[in-house]
Colleague: 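Next up is a structure, given as structure tokens.
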Amino acid sequence: MADIARDAVVRMVERGEIVRGVVVRNADFAGADLSGGIFDGCDFSGGRFGGGNLTESVFTSCSFDGTNFENAKLRHATFYKASFGGSVF
């Protein structure tokens, strides 16, 4: 896994790239548009997605331990083999 900045993740999604194997712990994605994004093997632990748009995004084998999803748009988002220990929805 490679550490990466929050803004780089947003740009990858905007370009339609698959976000694979990145670490963005404790990142603030509040209000970010990640709709339609495809994520594989990423670590978003401790992150904040409040008010963010995750509509129709797909997350496979991602970690969201301790992450806050309050008021995030999760319509048709798919989480497969993801961990959410201590997360808030």
Side-chain angles (χ1 to χ4, degrees):
M1 286 192 180
D3 287 348
I4 189 170
R6 172 237 190 246
D7 292 339
V9 171
V10 173
R11 282 192 303 273
M12 290 173 76
V13 171
E14 288 172 347
R15 291 190 302 254
E17 297 176 27
I18 295 173
V19 182
R20 183 173 282 126
V22 300
V23 177
V24 280
R25 291 185 188 119
N26 303 309
D28 188 357
F29 287 97
D33 185 2
L34 299 176
S35 60
I38 300 174
F39 303 86
D40 180 46
C42 299
D43 186 351
F44 295 101
S45 297
R48 293 169 300 286
F49 288 90
N53 187 359
L54 305 178
T55 302
E56 297 182 357
S57 293
V58 177
F59 299 89
T60 304
S61 300
C62 294
S63 176
F64 296 95
D65 297 326
T67 299
N68 186 319
F69 290 96
E70 290 182 292
N71 299 312
K73 295 177 181 101
L74 300 172
R75 185 175 171 91
H76 298 291
T78 303
F79 298 91
Y80 179 71
K81 293 187 178 180
S83 63
F84 296 95
S87 293
V88 177
F89 288 87

Colleague: Strictly distance-based, threshold 3.5 Å: is any side-chain N or O of S87 a donor or acceptor partner for the main-chain N or O of T67?
Modeller: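 Judged by distance alone, yes, a pair lies under 3.5 Å.
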Colleague: Is there side-chain contact between D40 and R20, with heavy atoms separated by less than 4.5 Å?
Modeller: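 Side-chain contact under 4.5 Å: yes.
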Colleague: State the OG-CZ distance between S57 and F79, to the nearest 0.5 angstrom.
Modeller: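 It comes to 7.5 Å.
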Colleague: Is there a path from L34 to I18 through hydrophobic residues (I, L, V, M, F, W, Y) whose side chains come within less than 4.5 Å of each other?
Modeller: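 They do not share one cluster, since no chain of ILVMFWY contacts under 4.5 Å joins L34 to I18.
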Colleague: Might you point out which heavy atoms bring D43 and R25 nearest each other, and give the distance in Å?
Modeller: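 Residues D43 and R25, closest heavy atoms: OD2-NE, 2.7 Å.
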Colleague: Using a 3.5 Å distance criterion without hydrogens, assess whether the side chain of R48 forms a donor-acceptor pair with backbone atoms of A30.
Modeller: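 No, the answer is negative, given that no donor and acceptor are paired below the 3.5 Å cut-off.
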Colleague: Got D33 and V10 here, is their nearest side-chain heavy-atom distance under 4.5 Å?
Modeller: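 With C-beta onward as the side chain, the pair stays apart.
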Colleague: Could you list the residues that satisfy salt bridge (Lys or Arg N to Asp or Glu O under 4.0 Å) with D65, not counting sequence neighbours?
Modeller: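 Partners of D65 by the salt bridge (Lys or Arg N to Asp or Glu O under 4.0 Å) criterion come out as none, since no residue qualifies.
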Colleague: Hey, are the side chains of L54 and F29 touching, using non-hydrogen atoms and a 4.5 Å cut-off?
Modeller: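 Sidechains of F29 and L54: no contact.
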Colleague: Is there a path of hydrophobic side-chain contacts, each under 4.5 Å between heavy atoms of I, L, V, M, F, W or Y residues, that connects I38 with V24?
Modeller: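 The answer is no; the residues belong to distinct hydrophobic clusters.
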Colleague: Calculate, to the nearest 0.5 Å, the distance between atoms OG and CZ belonging to S63 and F84 respectively.
Modeller: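 With rounding to 0.5 Å, OG (S63) is 9.0 Å from CZ (F84).
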Colleague: Which value, rounded to the nearest 0.5 Å, describes the distance between F64 atom CZ and S45 atom OG?
Modeller: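 If I round to the nearest 0.5 Å, the distance is 9.0 Å.
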Colleague: Among all residues two or more places apart in sequence or in another chain, which pass the salt bridge (Lys or Arg N to Asp or Glu O under 4.0 Å) test with E17?
Modeller: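 Result, salt bridge (Lys or Arg N to Asp or Glu O under 4.0 Å) vs E17: R15.
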Colleague: Under 3.5 Å, side-chain donor or acceptor atoms of residues 68-78 against the rest of the protein: list the pairs with distances, not counting sequence neighbours.
Modeller:
residue	atom	partner	partner atom	Å
N68	OD1	E70	N	2.8
N68	ND2	E70	OE1	3.1

Colleague: Look up atom CZ in F44 and atom CZ in F39, then write down how far apart they are to the nearest 0.5 Å.
Modeller: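 Interatomic distance, F44 CZ to F39 CZ, rounded to 0.5 Å: 5.0 Å.
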